[in-house]
Amino acid sequence: MDKFKAVILAAGKGTRMESDLPKVLHKVCDQTMVHYTIAAAKEAGATDVIVIVGYQGQLVKREIIDYVEYAEQHEQLGTGHAVMCAKDKIGTEGDTVILCGDTPLITAETIKKLREKHKHESNGVTVLSAIIDDPTGYGRIIRDADGNFLKITEHKDCTEEELKVNEINSGMYVFNSEALSFSLDKLTNDNAQGEYYLTDTVQIIKSTGLKVNAMPVDDVTEILGVNTKAQLAEAEAIMKQRLGIEE
């Protein structure tokens with residue numbers, strides 16, 4: 001059985017939630033947001049789940065009811081840096097899925113499908129994308145005329161043409177673990193924010209000659225990231241619908 005690990009980013013403070021509680025501990029239908037992500041990863045076949053904790057890490061560990069491993073991110077230096085903190089636990093075998101602790105609506109089916117595509121195409125990394133009407137603020141998936149993946153461009157770096165692209169990066173990926181490990185060693189924080197971006201690993205992997213692709217999710221609500229109280233309420237409403245809970 002080839003190895004399948006999951007890394008869940010759960011180190012953020014979530015300032016826009018206007019609460020002292022770490023963002024991933026906010027609840028949707030009486031369960032913490034991060035619990036849903038962990039459950040989806042396990043159901044999709046991940047044998048090892050590594051949760052990256054940072055802000056109020058002890059509290060996050062205490063609240064997580066699932067059996068997981070932890071990696072500590074002491075400074076918040078970007079998504080790439082968060083994954084670097086788990087590098088020794090990721091290793092080089094099999095595949096690794098990167099998920100977010102603030103996307104409680106992601107399903108095991110989607111993670112499975114993403115991994116199947118990843119394996120079927122022998123990709124170095126497969127990005128979970130979404131086609132949305134208003135892509136403002138999101139990184140765009142840029143493809144060539146034949147539909148082949150070229151790159152991810154952050155909203156602020158998009159050309160006029162690229163801004164019209166409706167396929168966006170969800171921030172979730174399945175990586176070949178060896179390629180991920182290699183690319184993390186090559187990451188730099190040479191950008192305006194001085195942060196290490198996980199999206200940069202995609203270009204690094206592509207530049208080594210490995211294949212990269214993106215798979216649009218069937219149900220856009222699955223990639224809904226919760227950053228505000230309003231988005232939390234929205235996630236709760238969708239989850240209730242999904243679970244068949246009457247309002």
Side-chain angles (χ1 to χ4, degrees), residues 1-10 37-38 40-52 68-71 73 78-101 103 106-130 139-144 146-153 167-188 196-217 222-223:
M1 185 66 189
D2 55 344
K3 274 204 175 315
F4 185 42
K5 295 188 173 184
V7 172
I8 297 174
L9 308 178
T37 311
I38 294 168
K42 288 189 173 181
E43 202 188 316
T47 45
D48 304 58
V49 176
I50 304 141
V51 178
I52 315 267
V68 295
E69 290 182 68
Y70 294 98
Q73 185 188 20
T79 46
H81 178 256
V83 179
M84 282 165 146
C85 295
K87 188 172 169 285
D88 55 338
K89 288 181 164 52
I90 291 166
T92 54
E93 290 176 59
D95 299 316
T96 299
V97 61
I98 309 285
L99 301 166
C100 312
T103 53
I106 188 71
T107 63
E109 289 70 40
T110 292
I111 298 169
K112 274 185 196 157
K113 215 168 145 182
L114 185 67
R115 188 178 182 219
E116 277 158 18
K117 181 181 176 72
H118 175 78
K119 296 188 94 57
H120 179 70
E121 295 180 0
S122 305
N123 293 335
V125 54
T126 311
V127 183
L128 183 64
S129 65
R140 308 297 204 282
I141 305 288
I142 309 300
R143 297 178 182 269
D144 66 14
D146 300 322
N148 299 309
F149 180 98
L150 289 176
K151 59 181 177 174
I152 298 171
T153 305
E167 187 179 4
I168 57 126
N169 175 20
S170 73
M172 294 179 256
Y173 316 80
V174 171
F175 284 89
N176 165 296
S177 299
E178 195 173 1
L180 175 59
S181 202
F182 168 84
S183 65
L184 289 172
D185 284 340
K186 299 263 182 285
L187 266 193
T188 68
Y196 296 89
Y197 294 122
L198 191 59
T199 39
D200 290 348
T201 61
V202 176
Q203 265 346 86
I204 294 167
I205 288 169
K206 194 170 186 294
S207 68
T208 66
L210 286 171
K211 287 195 287 186
V212 176
N213 205 350
M215 181 191 90
V217 68
E222 285 194 37
I223 66 147

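- Closest approach of A214 to I141, counting heavy atoms only: CB-CG2, 4.0 Å.
- Here the side chains of L150 and R143 are not in contact, with every heavy-atom distance at 4.5 Å or above.
- Of all heavy-atom pairs spanning N176 and D95, the tightest one is CA-OD1, 3.7 Å.
- In this structure D185 satisfies the salt bridge (charged side-chain N to carboxylate O under 4.0 Å, His left out) test together with K87, sequence neighbours excluded.
- Counting heavy atoms from C-beta on, the side chains of I8 and I50 never come closer than 4.5 Å.
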Q.
Determine whether V97 and F175 satisfy the following criterion, side-chain contact (heavy atoms from CB on, under 4.5 Å), listing intermediate values before the conclusion.
A. CA-CA 6 Å; V97 61; F175 284 89; over 6 Å; no

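- The line from NZ of K186 to OG1 of T208 is 10.0 Å long, rounded to the nearest 0.5 Å.
- Taking a cutoff of 4.0 Å between a charged side-chain nitrogen and a carboxylate oxygen, K89 and D48 do not qualify as a salt bridge.
- In terms of modelled atom types and a separation under 3.5 Å, the side chain of T47 and the main chain of F4 share a donor-acceptor contact.
- Partners of E121 by salt bridge (charged side-chain N to carboxylate O under 4.0 Å, His left out), not counting sequence neighbours, listed by chain and number: K117.
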(Q) Please evaluate residues V127 and M215 with respect to the criterion side-chain contact (heavy atoms from CB on, under 4.5 Å), reporting the C-alpha separation (whole Å), side-chain torsions for both, the decisive distance (0.1 Å), and the verdict. (A) CA-CA 6 Å; V127 183; M215 181 191 90; over 6 Å; no

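- Side-chain N or O atoms of T79 include one that pairs as donor or acceptor with a backbone N or O of L198 at under 3.5 Å.
- Taking both residues in full, the closest heavy atoms of A82 and L9 are given as CB-CD2, 3.9 Å, listed atom of the first, atom of the second, then distance.
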Q | Check against side-chain contact (heavy atoms from CB on, under 4.5 Å), K151 and K206 | A | CA-CA 9 Å; K151 59 181 177 174; K206 194 170 186 294; over 6 Å; no

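- At least one donor-acceptor pair closer than 3.5 Å links the side chain of D144 to the backbone N or O of G147.
- The shortest heavy-atom contact between T103 and E222 is CB-O, 4.4 Å.
- Taking all atoms of both residues into account, the shortest heavy-atom contact from I205 to G124 is CG2-CA, 4.0 Å.
- Side-chain atoms of L128 and I106, non-hydrogen and from C-beta on, do get closer than 4.5 Å to each other.
- You'll find the side chain of L180 reaches within 4.5 Å of the side chain of I98, heavy atoms only.
- Side chains of I152 and Y197 form no contact here, defined as non-hydrogen atoms less than 4.5 Å apart.
- Annotation: side chain of D2 is in contact with side chain of K119 (closest heavy-atom distance under 4.5 Å).
- Looking only at distances, a side-chain donor or acceptor of T37 sits under 3.5 Å from a matching main-chain atom of C100.
- With 3.5 Å as the limit, one finds no donor-acceptor pair spanning the side chains of E93 and S177.
- The main-chain N or O of A179 is found under 3.5 Å from a side-chain atom of S183 such that the two form a donor-acceptor pair.
- Taking CG from L210 and CG from N123, the interatomic distance works out to 9.0 Å, rounded to the nearest 0.5 Å.
- S181 and G91 make their closest contact through CB-O, 3.9 Å (heavy atoms, listed as atom of the first residue, atom of the second, distance).
- Annotation: side chain of F149 is in contact with side chain of V202 (closest heavy-atom distance under 4.5 Å).
- Rounded to the nearest 0.5 angstrom, N213 CG and N148 CG are separated by 7.5 Å.
- From S129, atom OG reaches atom CG of N169 across 8.0 Å, with rounding to the nearest 0.5 Å.
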Q: Before giving the answer on side-chain contact (heavy atoms from CB on, under 4.5 Å), spell out for T126 and V212 the whole-Å C-alpha distance, their side-chain angles and the decisive distance to 0.1 Å.
A: CA-CA 6 Å; T126 311; V212 176; over 6 Å; no

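- Within a 6.0 Å radius of CD in Q203, other residues, nucleotides and ligands contribute more than 12 heavy atoms.
- Inter-residue side-chain proximity for I52 and V83 is flagged as unmet; no heavy-atom pair is nearer than 4.5 Å.
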